[in-house]
Amino acid sequence: MNTLKKFLHARRLLFAQLLLAAFVVVSIVGAYRWFSYSQPMRDGDFPSASESLAADRAMVLYDAALVYYQHEKYDLAFKVL
């Protein structure tokens, strides 16, 4: 147990740096997902949302078809589905 404590204590800076790097990577991925998928979906910009690498393409197409249907554009809704 003492050896483990010494090992962790000696490398605490390395662990902190690894944790910080993981946080930065997760934050970048989250920001990319927000600006390339979530924000366009919220604004109704379905074509640009479907081009995102983070997109759930089936959900984008379903939401686009639903919006077209609600605006009584049945041909477009059928084409999207």
For the student: nearest non-hydrogen atoms of [X] and [Y], plus distance:
| X | Y | value |
| --- | --- | --- |
| Phe35 | Pro40 | O-CD, 3.7 Å |
| Tyr32 | Ser52 | OH-OG, 3.9 Å |
| Met59 | Met41 | O-CE, 4.4 Å |
| Val80 | Leu61 | CG1-O, 3.2 Å |

With rounding to the nearest 0.5 Å, note down the distance linking [atom1] in [X] to [atom2] in [Y].
| X | Y | atom1 | atom2 | value |
| --- | --- | --- | --- | --- |
| Arg12 | Gln17 | CZ | CD | 12.0 Å |
| Leu13 | Leu18 | CG | CG | 9.5 Å |
| Asp45 | Glu51 | CG | CD | 8.5 Å |
| Leu66 | Phe46 | CG | CZ | 8.0 Å |
| Asp56 | Tyr37 | CG | OH | 5.0 Å |
| Tyr69 | Leu76 | OH | CG | 14.5 Å |

- Item | Side-chain touch Arg33/Val29, heavy atoms, less than 4.5 angstrom |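 Side chain of Arg33 against side chain of Val29, heavy atoms only: no contact under 4.5 Å found.
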- Message: Are the side chains of Leu4 and Leu8 in contact, using a 4.5 Å heavy-atom criterion?
- Response: yes
- Is the count of non-hydrogen atoms from other residues, nucleotides or ligands lying under 6.0 Å from Asp43 atom CG greater than 12?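 Above 12, so yes.
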- Is the number of heavy atoms from other residues, nucleotides or ligands within 6.0 Å of CZ (Phe23) greater than 12?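 For Phe23, atom CZ is not crowded (no more than 12 foreign heavy atoms under 6.0 Å).
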- Message: Count I, L, V, M, F, W, Y as connected when their side-chain heavy atoms are under 4.5 Å apart, and connections chain through other members. Are Val67 and Val60 then in the same cluster?
- Response: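 Yes, one cluster joins them.
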